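The structure appears right after this line, and notes come after that.
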Amino acid sequence: MRLTISVTIMILSAFFMSSCNSLINRMTFHPDRDALPAEQLPADVQEVFFETGDGIKIQAYYLEKPLSRKILIYFHGNAGNISHRLPDLINIHSFNINVLGVSYRGYGKSQGKPSEDGIYIDGAAALEYVTRVLGYDMGNVVVLGRSIGASVAIHISQDIDLGGLILITPLTSAKAYARTTGLGLISSLAGNAFNNIEKIGNVVCPTLVVHGNKDNIISIEMGREIFDRSTAEKRFAEIEGAGHNDLSTIYRGMYW
């Protein structure tokens, strides 16, 4: 009888956790499948594909600088797809660095359906593609993550001697974010999701955190908490007046 009760509790717990994870994923990810046709891409932008460890085909844009041996991997926010970040990729490319912009599973032409675990797998596959297929040395790889992309960037940068990590408007954790949005007790349902504050201490490469001080989506206090918890060589860049989505446009002078 006790065994039956224990098994029932385990099943119900697993079902509850699965439902919570599904809810978090639905609330977090807002993908757009409508990517630019390859023939409409700017001349310097190549559309490439690579496969993840769980067999998902991922779309990415590769902007090459043949005389540079450094590359930046770009992980975007939770909405749209990588084609909407072309202006940012092109700006980064202008600093004489190669760029790989990644569209997560379920975004653009990438296969699959987005989830927290899934985008971490995508991030790891992008790093492997850059080092094993494109041939860049790990020390010449910079990883940049913006908003939810910062979670991917932190996750894959743990305990690796990368060239650098750039975090644009990072959150500390899903639970803390839920509390700041007034969800109160419901925030506990977020569990351990997007727990960047626990992972950042495992990052050993030089780290730059960038945040606007008028960000009303992910507060600058979260960026500061991530920065404070980091034990790597680090720098914090506060952009006066900037919000969450206007850093690289309205405040482009300070941002770039």
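Heavy-atom basis, side chains included; hydrogens, waters and symmetry copies ignored. These figures come from a predicted structure and were not determined experimentally.
- When the salt bridge (charged side-chain N to carboxylate O under 4.0 Å, His left out) test is applied to Asp54, the partners found at least two apart in sequence or on another chain are Arg105.
- Between Asn81 and Ser83, the side chains place a donor N or O and an acceptor N or O closer than 3.5 Å (distance only, hydrogens not considered).
- Residues Glu47 and Lys109 approach most closely at OE2-NZ, 3.0 Å, considering heavy atoms.
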message = For a salt bridge (charged side-chain N to carboxylate O under 4.0 Å, His left out) check, start with the C-alpha distance between Lys214 and Glu240, then their side-chain angles and the critical distance, and finish with the verdict.
response = CA-CA 8 Å; Lys214 300 298 182 183; Glu240 179 70 32; 5.5 Å; no
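- Two different hydrophobic clusters hold Ile121 and Val48 under the rule that ILVMFWY side chains link at heavy-atom gaps under 4.5 Å.
- Under the rule for a side-chain contact (heavy atoms from CB on, under 4.5 Å), the partners of Met138 that lie at least two apart in sequence or sit in another chain are Leu127, Thr131, Ile160, Leu162.
- Note on Tyr61 and Ile119: separate hydrophobic clusters, where clusters join Ile, Leu, Val, Met, Phe, Trp and Tyr whose side-chain heavy atoms are under 4.5 Å apart, directly or indirectly.
- With sequence neighbours excluded, the residues forming a side-chain contact (heavy atoms from CB on, under 4.5 Å) with Lys199 are Tyr120, Ile154, His155, Gln158, listed by chain and number.
- With hydrogens and angles left out, the side-chain atoms of Thr169 and Asp215 include no donor and acceptor closer than 3.5 Å.
- Follow the hydrophobic side-chain contacts under 4.5 Å out from Val99 and you never reach Ile156; the two are in separate clusters.
- Listed by chain and number, the residues in a ring pair (Phe, Tyr, Trp, His ring centres under 6.0 Å) with Phe49 amount to none (sequence neighbours excluded).
- Scanning for ring pair (Phe, Tyr, Trp, His ring centres under 6.0 Å) contacts around Tyr107 gives His76, Tyr104, with sequence neighbours left out.
- Looking at heavy atoms from C-beta onward, Ser173 lies out of side-chain contact with Asn196 at the 4.5 angstrom threshold.
- Distance OH/Tyr177 to OG/Ser219: 10.0 Å, rounded to 0.5 Å.
- Tyr129 meets the ring pair (Phe, Tyr, Trp, His ring centres under 6.0 Å) test with Phe50; sequence neighbours excluded.
- For the pair Ala125 and Glu51, the tightest heavy-atom approach, listed with the atom from each and the gap, is CB-O, 4.0 Å.
- Glu116 contributes a side-chain N or O that, together with a main-chain N or O of Phe194, makes up a donor-acceptor pair within less than 3.5 Å.
- For the salt bridge (charged side-chain N to carboxylate O under 4.0 Å, His left out) test, no residue two or more places apart in sequence or in another chain qualifies with Lys234.
- Of the possible polar contacts, one joining the Asn213 side chain to the Gly241 backbone as a donor-acceptor pair under 3.5 Å is found.
- Under the salt bridge (charged side-chain N to carboxylate O under 4.0 Å, His left out) criterion, Glu238 pairs with Arg224, sequence neighbours left out.
- Residues Ser103 and Ile58 fail the side-chain proximity criterion, which asks for heavy atoms closer than 4.5 Å.
- Atom-to-atom distance recorded for Asn140:CG and Ser68:OG is 8.0 Å, nearest 0.5 angstrom.
- Among pairs with a residue in residues 234-256, those fulfilling ring-ring contact (aromatic ring centres under 6.0 Å, His included) read Phe227-Phe236, at least two apart in sequence or across chains.
- Residues that satisfy the side-chain contact (heavy atoms from CB on, under 4.5 Å) test with Pro87, not counting sequence neighbours, are absent from this structure.
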message = Run the side chain to side chain contact (heavy atoms under 4.5 Å, CB included) test on Asn245 and Ile217 for me, step by step, so that the C-alpha distance in whole Å, both residues' side-chain angles and the decisive distance to 0.1 Å come before the verdict.
response = CA-CA 9 Å; Asn245 295 314; Ile217 295 178; 3.9 Å; yes
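- A continuous path of ILVMFWY side-chain contacts below 4.5 Å connects Leu171 to Val209, so both sit in one hydrophobic cluster.
- With contacts defined as side-chain heavy-atom distances shorter than 4.5 Å, the pair His211/Leu247 does not qualify.
- Annotation for Ala237 and Leu208: closest pair CB-CD1, 4.2 Å, computed over non-hydrogen atoms.
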request  = Please test Val143 against Tyr74 for side chain to side chain contact (heavy atoms under 4.5 Å, CB included), starting from the C-alpha separation and ending with a verdict.
outcome  = CA-CA 6 Å; Val143 175; Tyr74 186 103; over 6 Å; no
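- The two residues Val142 and Gly163 have their closest heavy-atom pair at CG2-C, 4.3 Å.
- Of the candidates Leu89, Val102, Leu100, Leu89 is the only one forming a side-chain contact (heavy atoms from CB on, under 4.5 Å) with Ile82.
- Heavy-atom contacts from other residues, nucleotides or ligands closer than 6.0 Å to CG of Asp228 number more than 12.
- At a threshold of 4.5 Å between non-hydrogen side-chain atoms, the residues Ile73 and Leu144 do not count as touching.
- The ring pair (Phe, Tyr, Trp, His ring centres under 6.0 Å) search around Tyr136 returns none, not counting sequence neighbours.
- Taking all atoms of both residues into account, the shortest heavy-atom contact from Ser147 to Ile218 is OG-CD1, 3.8 Å.
- The two residues Ala232 and Ser230 make their nearest non-hydrogen contact at N-OG, 3.3 Å.
- Take Thr172 and apply the side-chain contact (heavy atoms from CB on, under 4.5 Å) test, not counting sequence neighbours, and it matches Ala176, Ile197, Met222, Glu225, Ile226.
- Residues Leu86 and Leu41 are in side-chain contact: their nearest non-hydrogen atoms beyond the backbone lie under 4.5 Å apart.
- Here the CG-CD1 distance, from Asn195 to Ile200, works out to 11.5 Å after rounding to the nearest 0.5 Å.
- Applying side-chain contact (heavy atoms from CB on, under 4.5 Å) to Arg146 and the options Val210, Asn78, Ile168, Leu167 leaves one that passes, Ile168.
- Asp88 and Ser248 are linked by a side-chain donor-acceptor pair at a separation below 3.5 angstrom, with hydrogens and angles left out of the test.
- Counting heavy atoms from C-beta on, the side chains of Ile92 and Ile97 come closer than 4.5 Å.
- How far CZ of Arg132 is from CG of Leu134: 13.0 Å, rounded to the nearest 0.5 Å.
- In summary, the side chains of Arg235 and Thr207 do not present any donor paired with an acceptor at a separation below 3.5 Å, with no hydrogens or angles considered.
- We find the CG-NZ distance between Leu72 and Lys70 to be 11.5 Å, quoted to the nearest 0.5 Å.
- Put simply, Leu63 and Leu67 are part of two different groups of oily side chains (I, L, V, M, F, W, Y) that touch within less than 4.5 Å, one to the next.
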message = Could you go through Ser110 and Ile56, starting from their C-alpha distance and side-chain angles, then the distance that decides it, and tell me whether this counts as side chain to side chain contact (heavy atoms under 4.5 Å, CB included)?
response = CA-CA 8 Å; Ser110 295; Ile56 300 294; 5.6 Å; no
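- The structure places CG of Asp161 at 8.0 Å from SG of Cys205, a figure rounded to the nearest 0.5 Å.
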